[in-house]
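Accompanying notes for the structure given below.
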Amino acid sequence: MPELPEVETIKRGLDKQIINKRISKVSIEKSFIKKVGPSANAFKKALEGKTIKNVARRSKLLMFEINKEQSLIVHLKMTGQLVYRPKNNKIVVGGHPIAGPQNLPSKFTRVTIQFADKTTLFFNDVRKFGFLKIVDRKELNEALSKYGREPIDKDFNFPHFKSLIDKSPRKKVKSFLLEQKIIAGLGNIYADESLFVAKVNPERRVDSLTKSEQKLLFVAIVEIIKKAIKYKGTTFSDYVNAKGGKGNFQKHLQVYGRNKLECLRCKKGIITKIKLGSRSASFCPICQK
DNA sequence: GTAGATGTTATAGA
DNA sequence: ATCTATAACATCTA
Ligand SMILES: [Zn+2]
């Protein structure tokens with residue numbers, strides 16, 4: 001589910017809400033205890049009574065600073081959600097439950113973090129690939145060392161991108177874009193969208209790109225990620241922001257999810273979906289050379 | 001019913 | 001260096 005734009009949207013929705021709030025109670029669904037560390041008690045003890053000092057994001061990882069020494073890190077993987085409920089009252093509209101924080105906890109709520117002011121943060125995750133973990137400063141640095149360049153960094157420029165290209169010359173370009181150690185935060189949707197904008201076929205070897213294709217791709221990545229953040233992410237099935245609401249970028253997708261449909265750009269090609277590594281890649285065989 | 005696919009990532013082995 | 005298979009898990013679709 002969530003790639004950089006979705007995680008960034010959650011981060012922006014959460015930080016204003018929960019910074020400086022004190023955690024009063026944490027509960028963990030039984031089957032999820034193994035995903036919060038060695039024991040439920042250690043996890044609770046690290047959080048209860050503490051105050052969230054800061055919220056940050058790196059790649060698709062969220063970080064909640066507890067104090068100088070400790071942080072809570074959260075990865076949503078495929079179907080994770082973080083939804084904040086401002087008040088502890090249930091609202092039902094028209095007699096039917098509505099989507100969003102009003103009906104939480106749900107069947108898929110794995111971790112519940114209650115604050116002293118009676119507001120609540122829910123971690124929901126259908127597939128349970130996600131995790132929450134308490135880390136010290138050293139462990140946090142280790143976790144962060146796995147990530148490459150942030151595409152929305154102000155200093156990220158073409159020479160940087162070129163040097164990344166030169167370090168992984170034989171990779172297929174789609175796999176190159178998905179590598180978090182190279183560029184942090186792209187996932188299947190935005191890698192496909194970036195390649196479409198740059199008119200580059202996902203199966204091309206990185207070292208086969210012409211200088212002009214390299215530049216187009218660099219610009220496309222930055223442009224797509226920024227635009228997706230502006231539209232508050234893509235909701236395909238599970239993604240919701242911190243308020244439980246959907247994103248808007250799905251309306252602007254040009255290839256992802258358009259298998260067998262006519263290409264929106266050349267109006268001639270039929271969007272084709274192939275397997276590349278273990279992931280799918282969608283592209284227009286006519287205008288992505 | 002059932003095989004295959006889903007927005008992620010870590011790891012082992014070739 | 002790079003790729004493959006595999007695993008974690010639940011749900012939906014063809
Ligand atoms: Zn096309």
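All values derive from a computational prediction rather than experimental measurement. Every chain is numbered from 1 and lettered A, B, ... according to where its sequence line falls, protein lines coming before strand lines. Values below: every heavy atom of this structure, side chains too, minus hydrogens, waters and symmetry copies.
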Just checking K181(A): base, sugar-phosphate only, or nothing, at a heavy-atom cut-off of under 4.0 Å?
nothing
Just to be sure I understand: a Watson-Crick pair is purine N1 to pyrimidine N3 plus N6-O4 or O6-N4, both under 3.5 Å. Using that and G-U wobbles, which stems of three or more pairs involve DNA chain B?
B:2-6 with C:10-14, B:8-14 with C:2-8
Which nucleotide wins on minimum distance to the side chain of K146(A), given the candidates dA10(B), dT2(C), dA5(B)?
dA10(B)
Considering only heavy side-chain atoms of F108(A), the closest of dA10(C), dT8(B), dT6(B) is dA10(C)
Can you identify which nucleotide, out of dT11(C), dT8(B), dT6(B), has its nearest atom closest to the N188(A) side chain?
dT8(B)
Interatomic distance where CG belongs to L177(A) and P belongs to dT9(B) [whole Å]
14 Å
Rounded to whole angstrom units, what separation is found between the CG atom of N259(A) and the P atom of dT13(C)?
16 Å
Can you say whether the rings of F32(A) and F123(A) are parallel (under 30°), tilted (30 to 60°) or perpendicular (over 60°)?
tilted
Rounding to a whole Å, what distance do you find between K275(A):NZ and dG4(B):P?
11 Å
Distance test, side-chain N/O of S280(A) to OP1/OP2 of dT6(B), below 4.0 Å
yes
Protein-nucleotide distance (D207(A), atom CG; dT2(C), atom P), rounded to Å:
9 Å
Tell me which nucleotide among dT11(C), dT9(B), dC9(C) gets nearest to the side chain of H75(A).
dT9(B)
Taking atom types as modelled and ignoring hydrogens, do the side chains of S280(A) and K275(A) form a donor-acceptor contact shorter than 3.5 angstrom?
no
Path from V206(A) to L276(A) over hydrophobic side-chain contacts below 4.5 Å
no
Using whole Å, what does the distance between atom P of nucleotide dT9(B) and atom CG of D125(A) come to?
13 Å
State whether Y84(A) and K243(A) meet the cation-pi test: NZ (Lys) or CZ (Arg) under 6.0 Å from the six-membered ring centroid, and within 45° of the perpendicular axis.
no
Are L264(A) and F283(A) joined in one hydrophobic group, where the rule is that I, L, V, M, F, W and Y side chains link up if heavy atoms are under 4.5 Å apart?
no
Is there a side-chain polar atom (N or O) of K60(A) under 4.0 Å from OP1 or OP2 of dT8(B)?
yes
d(CD1, I183(A); C1', dT9(B)) in whole Å
17 Å
Using only side-chain N and O atoms of K171(A), determine if any of them is under 4.0 Å from OP1 or OP2 of dC3(C).
yes
Atom pairs and distances, side-chain donor-acceptor, residues 132-139 of chain A, under 3.5 Å, sequence neighbours left out:
from    : atom 1 : to      : atom 2 : distance (Å)
D136(A) : OD1    : K138(A) : N      : 3.1
D136(A) : OD1    : E139(A) : N      : 2.8
R137(A) : NH2    : E69(A)  : OE1    : 2.9
K138(A) : NZ     : E142(A) : OE2    : 3.4
E139(A) : OE1    : D136(A) : N      : 2.8

Output for pair (K267(A) NZ, C287(A) SG), nearest 0.5 Å, gives 10.5 Å
As a test of reading the structure: which of dT6(B), dT8(B), dT11(C) is closest to the side chain of R279(A), going by heavy atoms?
dT8(B)
Is it the case that Q250(A) and Y239(A) place a side-chain donor and acceptor less than 3.5 Å from each other?
no
Atom C1', compared across dT6(B) and dC3(C): separation rounded to whole Å:
22 Å
What nucleic acid atoms does S168(A) come within less than 4.0 Å of, heavy atoms only: base, sugar-phosphate, or nothing?
sugar-phosphate
Figure out the CZ/P separation between R258(A) and dT6(B), and round it to whole Å.
17 Å
Between F156(A) and F218(A), does the ring centre distance come in under 6.0 Å?
yes
I want to verify a distance call: between dT9(B), dT11(C), dC3(C), whose nearest atom is closest to the Q180(A) side chain?
dT9(B)
Taking the six-membered ring where the residue is Trp, are the ring centres of F196(A) and Y256(A) under 6.0 Å apart?
no
How long is the line joining CZ of R127(A) and C1' of dA10(C), in whole Å?
7 Å
Starting the side chain at C-beta, find the nucleotide from dT9(B), dC3(C), dT6(B) nearest to K273(A).
dT6(B)
Where each residue is assigned the nucleotide of DNA chain C containing its nearest heavy atom, which of S278(A) and R170(A) is assigned the position nearer the 5′ end?
R170(A)
Categorize K35(A) for me: base, sugar-phosphate, or nothing, with a 4.0 angstrom heavy-atom threshold over every strand shown.
nothing
Near DNA chain C, under 4.0 Å by heavy atom, which residues of residues 128-140 of chain A?
K128(A), F129(A)
In terms of hydrophobic clustering (I, L, V, M, F, W, Y; side-chain heavy atoms under 4.5 Å; direct or indirect links), are L177(A) and L253(A) co-clustered?
yes
When you measure from the side chain of Y256(A), which nucleotide among dT6(B), dT11(C), dT8(B) comes out closest?
dT6(B)
Could you work out the separation of dG4(B) and dA5(C) based on their P atoms and round it to a whole Å?
14 Å
